Number of protein chains: 2
Amino acid sequence: MNVHSNSPRVEDILQRLRRAGHRITPQRLAILRAFADSHSHPSVDMVYAAVKPNFPTTSLATVYKTVVLLKELGEVMEIGFGEGGNRYDVRVPTPHPHLVCTRCRRILDAELDALDHLTETLAQSTGFRILSHRVDFYGICPECRRKAAH
Amino acid sequence: MNVHSNSPRVEDILQRLRRAGHRITPQRLAILRAFADSHSHPSVDMVYAAVKPNFPTTSLATVYKTVVLLKELGEVMEIGFGEGGNRYDVRVPTPHPHLVCTRCRRILDAELDALDHLTETLAQSTGFRILSHRVDFYGICPECRRKAAH
DNA sequence: TTAGGTGCAAATCATTTGCAATCTC
DNA sequence: GAGATTGCAAATGATTTGCACCTAA
């Protein structure tokens with residue numbers, strides 16, 4: 001992705017930012033691009049590291065503030081991890097299952113059609129009004145398994 | 001539960017502590033009891049608060065150190081929460097689904113027989129070796145729903 | 001022009017750690 | 001008595017906040 005074109009997802013967010021009365025600063029644009037370009041689920045530090053080379057004056061605090069803003073607008077979903085900081089999903093900012101490799105720390109999206117049905121069953125049997133979920137599977141990704149086998 | 005008898009779960013853990021060469025200090029005993037007595041999934045602060053009245057000299061650091069020890073021994077499972085600290089499960093210290101009330105912060109265990117089958121399907125379709133999971137449903141518990149309806 | 005945004009540095013909050021004093025085995 | 005454990009206080013690491021300066025609209 002070159003520096004002068006935005007992905008549809010970035011344009012999308014930019015539009016909503018403007019509509020909500022927020023300003024498009026060069027820092028924000030760079031942070032948005034870093035988020036959208038990241039095919040994994042980046043941490044704040046990863047985004048910061050990706051932004052700094054193109055925009056050396058950007059501060060970590062600004063990345064954090066931008067993340068807060070994007071969370072408020074629902075454009076980013078936070079996945080809480082104890083170690084090494086939270087990770088974020090800009091591509092699919094709604095609850096969905098993840099596959100987390102505990103070796104390389106990569107996070108992949110997973111398909112699990114059965115989940116909706118499961119949620120409903122659980123709601124009925126417990127009386128809970130279920131509004132959201134967090135479904136993460138931890139293990140070793142195919143790549144790391146291959147490496148481990150020499 | 002009075003101060004002089006231990007639940008089977010506490011006796012269980014005490015035995016394994018001794019067997020692993022760890023000492024049974026009064027602080028540890030009090031912390032273990034607080035963990036086991038708590039029918040919800042307590043945070044370190046909750047355990048600390050429960051221990052202090054009976055054992056005023058106990059320090060937070062000791063509670064933390066005991067938690068580390070219990071985690072290492074597999075007697076306690078940590079459930080990571082960003083806000084307000086992690087929560088712990090001593091009763092069922094292996095991965096299982098939870099129902100989390102976002103209003104009263106209560107955490108309940110859930111039954112979900114379908115999960116094992118689901119995990120296996122996911123492992124096959126993705127090539128991941130799945131070793132663990134974290135399945136949490138967030139919502140409003142029956143009690144909080146009742147209160148909300150006057 | 002002027003609110004909103006940035007960046008520094010200091011403040012938080014949960015958790016960990018170093019270490020001398022104190023206990024359990 | 002020896003080595004593990006405690007408890008204080010200081011260190012850590014992620015995140016937040018206060019505030020003077022800056023800049024997009």
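In this text, all values refer to a predicted model and were calculated from it rather than measured experimentally. Just so we're on the same page: letters track the sequence lines, and every chain starts at 1.
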Taking only the side-chain nitrogens and oxygens of [X], find out if one of them lies under 4.0 Å from OP1 or OP2 of [N].
{"X": "A:Q27", "N": "D:dT23", "result": "no"}
{"X": "A:T62", "N": "C:dG5", "result": "no"}
{"X": "B:T57", "N": "D:dG7", "result": "yes"}
{"X": "B:S59", "N": "D:dT6", "result": "no"}

For nucleotides 10-16 of chain D, tabulate all protein N/O to nucleotide N/O atom pairs closer than 3.5 Å, reporting atom names and distance.
unit_1	atom_1	unit_2	atom_2	d
D:dT15	OP1	A:N86	N	3.1
D:dT15	OP1	A:N86	ND2	3.1
D:dT15	OP2	A:Y64	OH	2.5
D:dT15	O5'	A:Y64	OH	3.3

Next on the checklist: Quick check: any donor-acceptor pair below 3.5 Å linking the side-chain of A:K65 to the base of D:dG18?
Outcome noted: yes
Atom [atom1] of [X] and atom [atom2] of [N]: how far apart are they, to the nearest Å?
{"X": "B:L73", "N": "D:dA4", "atom1": "CG", "atom2": "P", "value": "15 Å"}
{"X": "A:L29", "N": "D:dA24", "atom1": "CG", "atom2": "C1'", "value": "13 Å"}
{"X": "A:R28", "N": "D:dC22", "atom1": "CZ", "atom2": "P", "value": "19 Å"}
{"X": "A:L17", "N": "D:dA25", "atom1": "CG", "atom2": "P", "value": "11 Å"}
{"X": "B:K52", "N": "D:dG7", "atom1": "NZ", "atom2": "C1'", "value": "13 Å"}
{"X": "A:Y48", "N": "C:dC8", "atom1": "OH", "atom2": "C1'", "value": "11 Å"}
{"X": "A:F55", "N": "C:dG5", "atom1": "CZ", "atom2": "P", "value": "15 Å"}
{"X": "A:L14", "N": "D:dA24", "atom1": "CG", "atom2": "P", "value": "14 Å"}

Next on the checklist: What's the separation between atom OG1 in A:T102 and atom CG in B:L131, rounded to the nearest 0.5 Å?
Outcome noted: 6.0 Å
Checklist entry - Does any non-hydrogen side-chain atom of A:V10 lie less than 4.5 Å from one of A:D37? => result no
Next on the checklist: Are B:H22 and B:R18 packed together at the side-chain level, in the sense that at least one heavy-atom pair is separated by less than 4.5 angstrom?
Outcome noted: no
Item to check | Full working for side-chain hydrogen bond (donor to acceptor under 3.5 Å, both in side chains) between A:D136 and B:H133 | outcome: CA-CA 6 Å; A:D136 296 340; B:H133 63 250; over 6 Å; no
Checklist entry - Any salt bridge between B:E143 and B:R106, counting N to O under 4.0 Å? => result yes
Item to check | Over all atoms of both residues, closest heavy-atom pair of B:N86 and B:F81 | outcome: OD1-N, 3.2 Å
Checklist entry - Do B:I107 and B:V44 share a hydrophobic cluster, counting only Ile, Leu, Val, Met, Phe, Trp and Tyr and linking them when any side-chain heavy atoms are less than 4.5 Å apart? => result no
Next on the checklist: Treating A:T58 as the side-chain partner and A:F55 as the backbone partner, does any N or O pair qualify as donor plus acceptor under 3.5 Å?
Outcome noted: yes
Checklist entry - B:H41 vs B:H96 aromatic rings, parallel, tilted or perpendicular, using cut-offs 30° and 60°? => result tilted
Item to check | Contact letters for nucleotides 20-25 of chain C, in which S counts primed atoms plus P, OP1 and OP2 and B counts the base, heavy atoms under 4.0 Å | outcome: ----BS
